[in-house]
Engineer: 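Here you go, one structure.
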Amino acid sequence: MVRLVESGGGSVQAGGSLRLSCTASGVTTDDSDIGWYRQPPGKNCELVSTFGFTAPSVKGRFAISQDNSGHTVFLEMNSLKPEDTAVYYCAAQNRGFLPQIYGSSCRHPNALVNYWGQGTQVTISS
């Protein structure tokens, strides 16, 4: 059984930093594409970062990494802005790459993502 558990969310002021962690069981980065999506309040889901993609809105501020086992994936977030406020989801795709999502909520079946975590809230105050 695949399970993805996020941690590390919270509330910080603009300009601050957070590091999100995703602990995976049943998949690793060797056999699956594991990355991060986010859903800001009232908006659709967007792909933030995978090992092959970084959203332009976070380039130079966010970085994805993993531990040696491939079971934990991190998202280091620096120079945070109020517009980074969202629920952040870890996701895994065991065939192919995590897709861009258009006009859908995260975790919706239309997103065509194999596995989702439960999400972690990130709130950035100005």
Side-chain angles (χ1 to χ4, degrees):
M1 187 177 80
V2 175
R3 190 165 181 236
L4 304 173
V5 179
E6 303 97 335
S7 60
S11 298
V12 298
Q13 290 190 322
S17 299
L18 284 171
R19 187 172 83 153
L20 305 183
S21 300
C22 171
T23 301
S25 55
V27 291
T28 73
T29 54
D30 285 340
D31 56 46
S32 300
D33 191 21
I34 301 178
W36 296 90
Y37 290 86
R38 69 183 180 185
Q39 186 156 10
K43 296 185 178 180
N44 290 319
C45 187
E46 64 175 324
L47 181 61
V48 175
S49 185
T50 72
F51 289 97
F53 172 82
T54 302
S57 60
V58 305
K59 197 163 287 186
R61 300 188 299 120
F62 290 15
I64 191 170
S65 63
Q66 62 180 305
D67 70 353
N68 289 337
S69 72
H71 281 286
T72 303
V73 175
F74 305 100
L75 185 67
E76 187 75 38
M77 306 187 295
N78 299 309
S79 301
L80 284 160
K81 304 175 181 180
E83 52 263 42
D84 295 317
T85 294
V87 179
Y88 284 71
Y89 295 92
C90 180
Q93 197 80 332
N94 56 12
R95 288 189 178 88
F97 298 106
L98 287 168
Q100 294 285 347
I101 295 175
Y102 301 102
S104 174
S105 297
C106 294
R107 302 186 67 181
H108 193 282
N110 287 348
L112 301 179
V113 171
N114 293 144
Y115 305 106
W116 292 97
Q118 82 285 356
T120 187
Q121 177 70 46
V122 171
T123 303
I124 312 303
S125 58
S126 57

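Only heavy atoms go into these numbers, but all of them, side chains included; no hydrogens, no water, no symmetry mates. This chain uses plain numbering: 1 for the first residue, then up along the sequence.
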Engineer: Please confirm whether the backbone N or O of Ser105 pairs with a side-chain atom of Gln39, one donor and one acceptor, at under 3.5 Å?
Structural biologist: no
Engineer: Take a 6.0 Å sphere around CZ of Phe53 and say whether it holds more than 12 heavy atoms from other residues, nucleotides or ligands.
Structural biologist: yes
Engineer: Does the Gln118 side chain pair with the main chain of Val5, one donor and one acceptor, at a distance under 3.5 Å?
Structural biologist: no
Engineer: Can you give me the closest heavy-atom contact between Leu98 and Ala92, atom names plus distance?
Structural biologist: CD2-C, 3.8 Å
Engineer: Taking Gln93 for its side chain and Leu112 for its backbone only, find out whether a donor-acceptor pair lies under 3.5 Å.
Structural biologist: yes
Engineer: CG/Leu80 to OG1/Thr123 distance, rounded to the nearest 0.5 angstrom?
Structural biologist: 11.0 Å
Engineer: Please round to the nearest 0.5 Å and tell me the distance separating atom NE2 of His108 and atom SG of Cys45.
Structural biologist: 11.5 Å
Engineer: For Tyr88, check ring pair (Phe, Tyr, Trp, His ring centres under 6.0 Å) against everything at least two apart and list the hits.
Structural biologist: none
Engineer: Measuring from atom CZ of Phe74 to atom SG of Cys90, what distance do you get when rounded to the nearest 0.5 angstrom?
Structural biologist: 11.0 Å
Engineer: When you measure from the side chain of Glu76 to the backbone N and O of Arg19, does any donor-acceptor pair fall under 3.5 Å?
Structural biologist: no
Engineer: Would a distance-only check, ignoring hydrogens and angles, find a side-chain to backbone donor-acceptor pair under 3.5 Å from Thr50 to Gly52?
Structural biologist: yes
Engineer: Roughly how far apart are Leu47 CG and Tyr89 OH, rounded to 0.5 Å?
Structural biologist: 14.5 Å
Engineer: Measuring from atom CG of Asn110 to atom CD1 of Ile101, what distance do you get when rounded to the nearest 0.5 angstrom?
Structural biologist: 10.0 Å
Engineer: By side chain to side chain donor-acceptor pair (under 3.5 Å), which residues pair with Asp33, not counting sequence neighbours?
Structural biologist: none
Engineer: Sorted by first residue and then second, give each salt bridge (charged side-chain N to carboxylate O under 4.0 Å, His left out) pair with at least one member in residues 40-65; sequence neighbours left out.
Structural biologist: Arg38-Glu46, Arg61-Asp84
